[in-house]
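Shown next, in structure tokens, is the structure this report addresses.
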Number of protein chains: 2
Amino acid sequence: MGTPNKLGFRQMAARIRQEIIDGVYLTASVLPPEPVLADKYGASRSLVNRAMQVLAAEGMIRPRQGRGTMVTYIPPMLHSAARYSREARESGAARGAFDAEIRELGLEPQHEIIVERAVPPNDVAEALGLPPGEENALVRRRRLLASGIPVRLNASWFPLSIAKGSDLEAEGPNIRGGVKSALAELGYVQTKATERIHVRPPTEEEADALEISPERTVLDIFHVGKTESGQAVEVTTTVTPAHYLVIEHTFPLN
Amino acid sequence: MGTPNKLGFRQMAARIRQEIIDGVYLTASVLPPEPVLADKYGASRSLVNRAMQVLAAEGMIRPRQGRGTMVTYIPPMLHSAARYSREARESGAARGAFDAEIRELGLEPQHEIIVERAVPPNDVAEALGLPPGEENALVRRRRLLASGIPVRLNASWFPLSIAKGSDLEAEGPNIRGGVKSALAELGYVQTKATERIHVRPPTEEEADALEISPERTVLDIFHVGKTESGQAVEVTTTVTPAHYLVIEHTFPLN
DNA sequence: GAGTGGTCTAGACCACAGA
DNA sequence: CTGTGGTCTAGACCACTCG
């Protein structure tokens, strides 16, 4: 029967957005083809295409040439400074929280990990107090996915002088007790952290790795962990499509 | 002479973006009309319009029916937890920092302030421990602009039981020493704060007040200030187009 | 080869602002 | 009234995926 009154592309986007949130279209399923939607809403395919662009920019969907348009909606997850507490780490909650949250949504958590020695980017080298442009760091790169939808990119950088030959170079999805425990066993106990957060468009590589449209925005978290003496021993960068995260932190005043 | 090779709308957007960043088109000036750009780039106006949509979603420009397309690019500003330090407040730096940053860009800072008693939103009422749905709070709403471009919405909420008849109800662009000092004089010294940050699409009212296109994302900061006893005495919400802010904070580990 | 989304055009009508 | 951006159509061609 179609739709009696004509919709603008924003309204069309709004309606489809609501249907996704309501579960009419399930996450990781495929939307009807644009010509079908055009017929359903009594509009031209151009208009449907523009509505799709709006939803893609929000991260609700991911259209792909030849493959159709997949629903990629995932509600935001909490990123709390409390995740760095000793209890959270020892219980494996830092890792487990991600898995649990994803599973609760009925999706399958997946992890990809690459450990390698590399030349750190300039901002990382500077934060770690390393000379720039040299292969003087170890990096653990992780890509986290939910039922095949990439949701987060992590890279943890350590000075090679500290990490060389240690547990940190071990492959595998996780380090027993977490990287902070591994560093502590090496004599580098972290007592303070600084985070810098900003929102920006993704680089081309990030857009590819996260499989998002170029007009999506990402949250970029630059985390520096320091020892009591003020030495920076770990830099972890997190890049995630912006709406996937809620950040919470507490701090003393004065 | 136009442009020899045809550009896609993303490339067209990229070129104009770069020209804006390079200062070819100045912030608060007006871009050439779409038909002129269409001619310049040898494309249809539809394509130019779509490129404009991309740049508008990024916050680089603000197209307006009948009025032309204004350049609204403003580089990000730092939002650091350190802004709450006593020194920053007493020197007026919290306020001055905004003005100084804007002036440094060659723009004119402007402030609009409304002080009134109102029914707080549910999340604010809950944070302040107030019964919902009652006119039991005082709110100081501020809109910050740079040469007529709105860049930030602030609303500071206080329990009416505390703020009634105090300096907090005073009109005017600023309170001597800041609201935290005013609260301290009333016997409510804040010693701890919690912030919850997330990125989301603007509400319709916010899009209007910030004069942004609906597909822009905003940063939403929900700040709760508490006394030593744990009583919440101030909630400040900040809404700003996402790319205008960089957030930085430091916290102890363990 | 058939079907998908990605892009683009030419033209149209509308809503709005400003002289 | 003129010129602006906002929307929309009908049709076209292309790049990509998959059977």
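Residue numbers begin at 1 in each chain, while the letters A, B, ... track the order of the sequences.
Of the residues near DNA chain D, A:Gly8 and A:Gln65, the one whose nearest nucleotide (by heavy atom distance) lies more toward the 5' end is A:Gly8.
Here the C1' atom of nucleotide C:dA17 and the CD atom of B:Glu211 are 15 Å apart, to the nearest Å. Whole-Å rounding puts the A:Leu31 CG to C:dG6 P distance at 12 Å. B:Met12 places its CE atom 18 Å from the P atom of C:dG6, with the value rounded to the nearest Å. Remark: C1' of D:dG5 and CZ of B:Arg50 are 16 Å apart, rounded to the nearest angstrom. Here the C1' atom of nucleotide D:dG5 and the CZ atom of A:Phe9 are 12 Å apart, to the nearest Å. Distance B:Met52 CE to D:dT4 P: 14 Å, rounded to the nearest Å. As a whole-Å value, the separation of A:Arg67 CZ from D:dG19 C1' is 15 Å. To the nearest angstrom, P of D:dG11 lies 20 Å from CG of B:Leu47.
Side-chain atoms of B:Glu211 do not come within 3.5 Å of backbone N or O of B:Ile149 as any donor-acceptor pair. Remark: side-chain polar atoms of A:Ser156 are not paired, donor with acceptor, to backbone N or O of A:Arg140 under 3.5 angstrom. Checked by atom type and distance alone, the side chain of A:Glu169 never pairs as donor or acceptor with a backbone atom of A:Val115 at under 3.5 Å. Of the possible polar contacts, one joining the A:Ser147 side chain to the A:Glu108 backbone as a donor-acceptor pair under 3.5 Å is found.
Remark: the B:Arg45 side chain and the D:dG6 base include a donor-acceptor N/O pair separated by less than 3.5 Å.
Residue B:Glu34 has its side chain nearest to D:dG5 when only C:dT7, D:dT17, D:dG5 are considered.
Phosphate proximity of D:dT9 to A:Ser46: absent, as no side-chain N or O sits under 4.0 Å from OP1 or OP2. Between B:Asn49 and D:dG6, a side-chain N or O to OP1/OP2 separation shorter than 4.0 Å is present.
You'll find the side chain of B:His198 stays beyond 4.5 Å of the side chain of A:Tyr244, heavy atoms only.
A:Arg10 comes within 4.0 angstrom of the backbone, heavy atoms only, and of no base.
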